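For reference, the structure discussed in these notes is given below.
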Amino acid sequence: QVQLVESGGGLAQPGGSLRLPCTASGFTFSDYAMSWSRRAPGKDVEWVSGIYSDSTDSDYADSVKGRFAISRDNAKNTLYLEMNNLKPEDTAVYYCAKERTACFSGIVGNFECWGQGTQVTVSW
């Protein structure tokens with residue numbers, strides 16, 4: 001069955017960096033777009049970034065644009081989120097998700113499968 005496993009979360013100081021990998025299995029990873037989303041305490045799930053199946057296009061939420069970078073390695077069935085210049089408001093559980101087609105929708109309700117999430121905390 002489809003399985004998505006995030007890792008790499010933890011505690012970072014403001015201005016610091018973290019890299020989140022998401023390992024996929026149970027489907028042909030290279031056929032599908034992927035997205036990252038997050039849920040901050042007391043808030044709804046927010047789409048963060050998406051990437052096409054072949055990496056030819058990607059996009060970001062305004063809140064992370066210029067600080068976060070999404071990438072994927074189809075040979076390793078792995079999605080990544082590089083997070084730089086972290087802010088306390090980036091504190092959240094981060095989820096990777098499988099989209100339904102080769103192109104990302106950026107719509108949380110469209111995601112076909114989610115990982116279990118990894119906690120990112122940005123604080124002194």
Side-chain angles (χ1 to χ4, degrees):
Q1 73 278 18
V2 174
Q3 200 166 19
L4 301 170
V5 180
E6 304 95 336
S7 60
L11 177 64
Q13 293 183 347
S17 299
L18 284 174
R19 189 190 196 207
L20 306 182
C22 169
T23 302
S25 61
F27 66 103
T28 305
F29 182 71
S30 58
D31 284 350
Y32 293 92
M34 298 291 293
S35 278
W36 286 97
S37 295
R38 66 186 181 185
R39 185 192 294 272
K43 295 188 177 181
D44 291 334
V45 174
E46 173 191 22
W47 175 78
V48 172
S49 180
I51 187 168
Y52 277 17
S53 61
D54 59 3
S55 301
T56 54
D57 196 14
S58 61
D59 201 7
Y60 301 87
D62 288 343
S63 57
V64 307
K65 200 166 288 185
R67 301 187 297 120
F68 288 12
I70 191 171
S71 63
R72 63 191 295 162
D73 184 337
N74 286 348
K76 295 183 178 180
N77 287 354
T78 303
L79 176 73
Y80 300 97
L81 185 67
E82 183 79 32
M83 305 186 295
N84 300 308
N85 191 20
L86 283 163
K87 303 176 179 180
E89 52 264 43
D90 294 320
T91 295
V93 178
Y94 284 73
Y95 302 91
C96 69
K98 175 183 177 287
E99 296 255 13
R100 295 181 182 274
T101 71
C103 304
F104 63 85
S105 66
I107 300 173
V108 169
N110 279 356
F111 299 162
E112 195 168 51
C113 183
W114 296 70
Q116 84 289 347
T118 187
Q119 175 71 48
V120 171
T121 302
V122 184
S123 175
W124 293 109

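Keep in mind that what you see is a predicted model, and the values were worked out from it rather than measured. Every heavy atom of this structure was used, including side-chain atoms; hydrogens, water molecules and symmetry mates were not.
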Legend entry - Within-4.5 Å side-chain heavy-atom neighbours: Val45 and Trp114: yes

Legend entry - Any donor-acceptor N/O pair, Glu82 side chain to Ala69 backbone, under 3.5 Å: no

Legend entry - Hydrophobic cluster of Val122, others only, ordered by chain and residue number, side-chain cut-off 4.5 Å: Val2, Leu4, Leu18, Leu20, Phe27, Phe29, Tyr32, Met34, Trp36, Val48, Ile51, Tyr60, Val64, Phe68, Ile70, Leu79, Leu81, Met83, Leu86, Tyr94, Val120

Inset, instruction - Mark yes or no for whether Glu99, through its side chain, and Ser35, through its backbone, hold a donor-acceptor pair below 3.5 Å. - result: no

Inset, instruction - Examine distances only and state if a side-chain atom of Glu6 and a backbone atom of Gln116 form a donor-acceptor pair shorter than 3.5 Å. - result: yes

Inset, instruction - Kindly give the heavy-atom pair with the smallest separation between Ser53 and Ser30, and that separation in Å. - result: CB-O, 3.3 Å

Legend entry - ILVMFWY clustering at 4.5 Å (side-chain atoms), partners of Ile107: none

Legend entry - Flag if over 12 foreign heavy atoms under 6.0 Å of NZ, Lys65: yes

Inset, instruction - Answer yes or no: is there a side-chain heavy-atom contact under 4.5 Å between Pro21 and Lys76? - result: no

Legend entry - Minimal non-hydrogen separation, Ala92 against Gln119, with atom names: O-NE2, 3.5 Å

Inset, instruction - Find out whether Thr23 and Gln3 are in side-chain contact, i.e. whether some heavy atom of one side chain is under 4.5 Å from a heavy atom of the other. - result: no

Legend entry - Donor + acceptor pair across side chains of Ser17, Asn84 (<3.5 Å): yes

Inset, instruction - Work out which heavy atom in Arg72 is nearest to a heavy atom in Ala33; give both atom names and the distance. - result: NH1-CA, 3.8 Å

Legend entry - Flag side-chain contact, heavy atom, 4.5 Å: Pro14 against Pro88: yes

Inset, instruction - Determine the minimum heavy-atom distance between Ser37 and Trp47, stating which atoms define it. - result: OG-CA, 3.6 Å

Inset, instruction - For Glu112, enumerate each residue passing the salt bridge (charged side-chain N to carboxylate O under 4.0 Å, His left out) test, keeping only those at least two apart in sequence or located in another chain. - result: Lys98, Arg100

Inset, instruction - Starting from the C-alpha separation in whole Å, work towards a yes-or-no answer on salt bridge (charged side-chain N to carboxylate O under 4.0 Å, His left out) for Asp90 and Lys87. - result: CA-CA 5 Å; Asp90 294 320; Lys87 303 176 179 180; over 6 Å; no

Inset, instruction - Look at the side chain of Ser49 and the backbone N and O of Asp59, then say whether any donor-acceptor pair between them is shorter than 3.5 Å. - result: yes

Inset, instruction - Return the minimal non-hydrogen interatomic distance between Gly115 and Tyr95, and the atom names on each side. - result: O-CD2, 3.6 Å

